[in-house]
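As the structure is a prediction and not an experimental result, all values here were calculated from the model. Quick note on labels: first sequence line is chain A, next is B, and so on, each numbered from 1.
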There are 2 protein chains.
Amino acid sequence: MKFEKLAEVLKTVAHEKRLRILVLLEEFDGNICVCELVDALNTPQYQVSQHLRELRGKDLVRGNRDGTWVYYSINPDLPRDLRQLIDGLLEHLDREDYSREIEKLEKRLEMREDGKCVVGYDESDE
Amino acid sequence: MKFEKLAEVLKTVAHEKRLRILVLLEEFDGNICVCELVDALNTPQYQVSQHLRELRGKDLVRGNRDGTWVYYSINPDLPRDLRQLIDGLLEHLDREDYSREIEKLEKRLEMREDGKCVVGYDESDE
DNA sequence: AGGTCGTATGCATTTATGTACATATAGCTA
DNA sequence: TAGCTATATGTACATAAATGCATACGACCT
């Protein structure tokens, strides 16, 4: 990989929230909708959307609309080396540091019907 | 590693020149002086110093003064996981993309006497 | 059509980063 | 001491990134 490319990817990824988004997408093998991320990360919807836009802009992530909802995954067509890079980075994260988010997301996923999200995000700050 | 820490390190490293500096330090196992880096990277002295300062500020790199010269290495006391992270990143770089710098640095190192740098940097843009 | 809900975007403000240049500091040598 | 060389730093400016908020869009439902 070229220096510029590596620097660009690292810059994109070098943000706490974006790392958290990626780690969740990876952990659950993607197909997570925005409202589920909003709840799991306890972060305002517009922020999550913005971070997703940046990740999308660099092709790291991909959204699939299904009706009102948009489901995100790590871009499955990511070149092998890029994917390995991302995976390698995420491995360095302490699992305990996001286990709570995992739990929350699990609970949200249990609420799905026919594999689809049926609720929105919670506007309160819990 | 915590999210904040990982994000911080990635941000520091997410710059072409800083990646180039790190890759050279790693390749030659450190102990490279600033003027040698300046020549190998063909980059103004003040820039190299500034990038080194940033890397130093995050403890990724370390300078040892010997008289007029300062020799830099990747911080040998870096925690294991951090070192692995850096190494992992650098592995993704195309070698051909910095082989020229390696050659230049090799030539500079050949000019050393008693293992010490005896010349300065070249102010011309070659 | 109108209302509602999930998602995306635009704008304004702040904050950080990159870049260039001049100059300071530290250590050498005469 | 003065003068030189290698390295470091301060300042100023431009550019980019983060943040917050309001609102737009798009798909659904009645």
inquiry  = Please confirm whether the shortest side-chain N or O distance from B:Tyr72 to OP1 or OP2 of D:dA6 is below 4.0 Å.
reply    = no
inquiry  = Taking the nucleotide of DNA chain C with the nearest heavy atom to each, does A:Glu36 or A:Lys11 sit closer to the 5' end?
reply    =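 With A:Glu36 and A:Lys11 compared, the 5'-side residue is A:Glu36.
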Among residues at least two apart in sequence or on other chains, which ones pass side-chain hydrogen bond (donor to acceptor under 3.5 Å, both in side chains) with [X]?
{"X": "A:Lys116", "answer": "A:Asp66"}
{"X": "B:Glu26", "answer": "B:Arg83"}
{"X": "B:Thr43", "answer": "B:Lys17"}
{"X": "B:Gln47", "answer": "none"}

query = If you look at every strand shown and take non-hydrogen atoms under 4.0 Å, does A:Val119 touch a base, only sugar-phosphate, or nothing?
reply =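 Sugar-phosphate, no base atom in range.
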Criterion salt bridge (Lys or Arg N to Asp or Glu O under 4.0 Å) on A:Glu36 and A:Lys104, from CA distance to verdict = CA-CA 9 Å; A:Glu36 290 164 337; A:Lys104 280 203 199 170; over 6 Å; no
message = I'd like to know if A:Lys107 pairs up with A:Asp39 as an ion pair, taking the criterion as any Lys NZ or Arg NE/NH1/NH2 lying under 4.0 Å from an Asp or Glu carboxylate oxygen.
response =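 Salt bridge between A:Lys107 and A:Asp39, a charged N being under 4.0 Å from a carboxylate O: no.
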query = Could you give the start and end, 5' to 3', of the contact zone on DNA chain C for chain B, using atoms under 4.0 Å from its heavy atoms?
reply =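 On DNA chain C, the outermost contacted nucleotides are C:dT17 to C:dC28.
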Pairs where residues 48-61 of chain A contributes a residue and the test salt bridge (charged side-chain N to carboxylate O under 4.0 Å, His left out) is met, not counting sequence neighbours = A:Arg18-A:Glu54
Can you check the [X] [atom1] to [N] [atom2] distance for me, whole Å?
{"X": "B:Leu55", "N": "D:dT7", "atom1": "CG", "atom2": "P", "answer": "16 Å"}
{"X": "A:His51", "N": "D:dA18", "atom1": "NE2", "atom2": "P", "answer": "7 Å"}
{"X": "A:Glu54", "N": "D:dA17", "atom1": "CD", "atom2": "P", "answer": "8 Å"}
{"X": "B:Leu10", "N": "D:dA17", "atom1": "CG", "atom2": "P", "answer": "16 Å"}

task = Return the set of residues passing ring-ring contact (aromatic ring centres under 6.0 Å, His included) with B:Tyr121 (not counting sequence neighbours), or none when no residue passes.
result = none
task = Name all residues meeting the ring-ring contact (aromatic ring centres under 6.0 Å, His included) criterion together with A:Tyr71; count only those two or more places apart in sequence or in a different chain, and write none if there are none.
result = none
ask   = Which letters describe nucleotides 20-30 of chain D, given B = protein heavy atom under 4.0 Å from base, S = only from sugar-phosphate, - = neither?
value = BBB---BSS--
query = Does any residue of residues 12-34 of chain A have a heavy atom under 4.0 Å from DNA chain D, and if so, which ones, in number order?
reply = A:His15, A:Arg18
remark   = Residue pairs passing the ring-ring contact (aromatic ring centres under 6.0 Å, His included) test with at least one member in residues 7-42 of chain A, sequence neighbours excluded, are A:His15-A:His51
Pairs where residues 89-99 of chain B contributes a residue and the test side chain to side chain donor-acceptor pair (under 3.5 Å) is met, not counting sequence neighbours =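 Counting only pairs at least two positions apart or across chains, the side chain to side chain donor-acceptor pair (under 3.5 Å) contacts touching residues 89-99 of chain B are B:Glu27-B:Arg95.
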